[in-house]
Protein chains: 2
Amino acid sequence: MATAQKKYTYDYPRPAVTVDCVIFGFEKNQLKLLLTKRAIEPYLGKWAFPGGFIREDETADECALRKLSEEAGLSNIFLEQLYTFSELNRDPRGRVISVAYFALVKPTEYTLEAGLDIDAVQWFGLEEVADLAFDHQQILSVAVERLKGKIRYQPIGFELLPAQFTLPELHNLYETILQRSIDRGNFRKKMLSMGLLIDHSDMQKDRHARAAKIYSFDKVKYEELKESGFYFEI
Amino acid sequence: MATAQKKYTYDYPRPAVTVDCVIFGFEKNQLKLLLTKRAIEPYLGKWAFPGGFIREDETADECALRKLSEEAGLSNIFLEQLYTFSELNRDPRGRVISVAYFALVKPTEYTLEAGLDIDAVQWFGLEEVADLAFDHQQILSVAVERLKGKIRYQPIGFELLPAQFTLPELHNLYETILQRSIDRGNFRKKMLSMGLLIDHSDMQKDRHARAAKIYSFDKVKYEELKESGFYFEI
DNA sequence: CCAAAAGTGTTACCGTTACACCCATGG
DNA sequence: CCATGGGTGTAACGGTAACACTTTTGG
């Protein structure tokens, strides 16, 4: 494994295939991006998405899960395929096609660990991200568009908040991601009217007037409703 | 090219990468699927989506366009990436990852030509499709879901109709794809209210009462409106 | 004491829904 | 001459948008 022996031979040329994971988080009213600092060439020292070559015995999904675990210590998070990038010169090592993934994490629930071939793992505010390795800046913009589009008609915002959250927090998350102000009253009315939030305010011992009520998302009920034709929308 | 010489050697194993095109059409009030009959192994004689191996010097998009042209004689049609399939045993030849594409065609505007490695090209009613090669049945179901989802909030229905069409035709297309009845009056009101249909009824010489008005989709105006925040929805 | 934050209420408006209705013609 | 298919009108309803308002507390 350490000494490459060039022992895989094919009739026709084949591209290498990698997986890259765009990982979003939300903390301190900011949309965050999880990046790893490369410890190997190419782009040594640059920040990039966790990812790597797909193995012979794993699907792209499995590879993404493995990379999230190996490189950042993440597991059990929202993950879905984003898009496949196949521009000819996107990787200096030669022809590399990348299947990009899209992940959402509750940052508070994990402590990051820099893993294999990685110097560091760190959350960045979306605004401060620049000069990424490969074509990762382009992948990022596709991911951001997907996030903006999807949050309006699928309950994925909850994947970015702790299990217990307040309505002002949720409201703020939507305003931040959609980059526009949303009427407070109308937002809470619509959210609550769907009946998908479980009220935990009775658990709050010393609830002052300025302390917001705590809710959690009722995933079970959402799945039920979805089955019977309901569909989430903000 | 004809005699394979096993001359491409790599340090690590690489999957082969293909492109497959799911092509929808609409004719005689039926949703159609374009399939090619395989002239080579594996699955010789089975029906499958047009597609094939990605070349060293082309992107996945380019490969899809090439395959559409080579195998079915199609060009200038709506095309977008659908999903990448990477299950381990989806191809008997070994590890093959496929980037699936999603295409919409106006069947009346093309005459099909069976091309390279293809015995026949033919339109099938969606219902009669069964026993496809590879995992193409699974790819198909993803494509159908995409079509159903996307037609409601993007003006892709027009890609399936001739440039000139009537409102009853459009109405029928929506009912067929969404598999539910839609109120005639409301449908036409909503469609017309968006101001994206150009009326060509003045061109109709002998327009009887039972002959429906002819319209075309104003793509230029749609792009303009989209820029300024408008978004299509039925 | 007042600005700020959480929560609630009110109203006008607009788009959708579910119809009914007209009109012309082709069989 | 009436069933069929294209085209139009309307009234009730419900959700949304844009507000105003109340309460409590932290500085």
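In what follows, chains carry the letters A, B, and so on, assigned in the order in which the sequence lines appear, proteins first and then strands, with residues in each chain numbered from 1.
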With the side chain defined as heavy atoms from C-beta on, B/P168 is closest, among D/dG6, C/dG7, D/dT16, to D/dG6

Nearest whole angstrom, please: distance from the [atom2] of [N] to the [atom1] of [X].
X      : N      : atom1 : atom2 : answer
B/M191 : D/dG7  : CE    : P     : 14 Å
A/E233 : D/dT16 : CD    : C1'   : 11 Å
A/K190 : D/dG14 : NZ    : P     : 16 Å
B/L192 : C/dT16 : CG    : P     : 13 Å
A/H171 : C/dA6  : NE2   : P     : 10 Å
B/L197 : D/dG6  : CG    : C1'   : 16 Å
B/I234 : C/dT16 : CD1   : C1'   : 12 Å
B/I214 : D/dG6  : CD1   : P     : 13 Å

- Heavy atoms under 4.0 Å, any strand shown: does B/K189 hit a base, just sugar-phosphate, or nothing? base

Report yes if a side-chain nitrogen or oxygen of B/K213 is closer than 4.0 Å to either non-bridging phosphate oxygen (OP1 or OP2) of D/dG6; otherwise report no.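 No, no such contact exists.
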
task = Report yes or no: do B/S201 and B/D199 form a side-chain donor-acceptor pair below 3.5 Å?
result =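 Side chains of B/S201 and B/D199: pair found under 3.5 Å.
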
Listed partners of [X] passing side chain to side chain donor-acceptor pair (under 3.5 Å), at least two apart:
X      : result
B/Y215 : none
B/K46  : B/D131
B/N76  : none

Per the under-4.0 Å heavy-atom filter, residues of residues 180-188 of chain A near DNA chain D come out as A/D183, A/N186

Practice prompt. Please work out which of the three classes, parallel, tilted or perpendicular, describes the rings of B/F158 and B/F217, given edges at 30° and 60°.
Written response: parallel

Under 3.5 Å, sequence neighbours excluded: what are the donor-acceptor pairs made by side chains of residues 108-130 of chain A?
unit_1	atom_1	unit_2	atom_2	d
A/Y110	OH	A/S75	O	2.5
A/E128	OE2	A/G125	N	2.7

inquiry  = With ring-ring contact (aromatic ring centres under 6.0 Å, His included) as the rule and sequence neighbours excluded, what pairs involving residues 126-151 of chain B come up?
reply    =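 Non-adjacent pairs meeting ring-ring contact (aromatic ring centres under 6.0 Å, His included): B/Y43-B/F134, B/F49-B/H136, B/F134-B/H136.
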
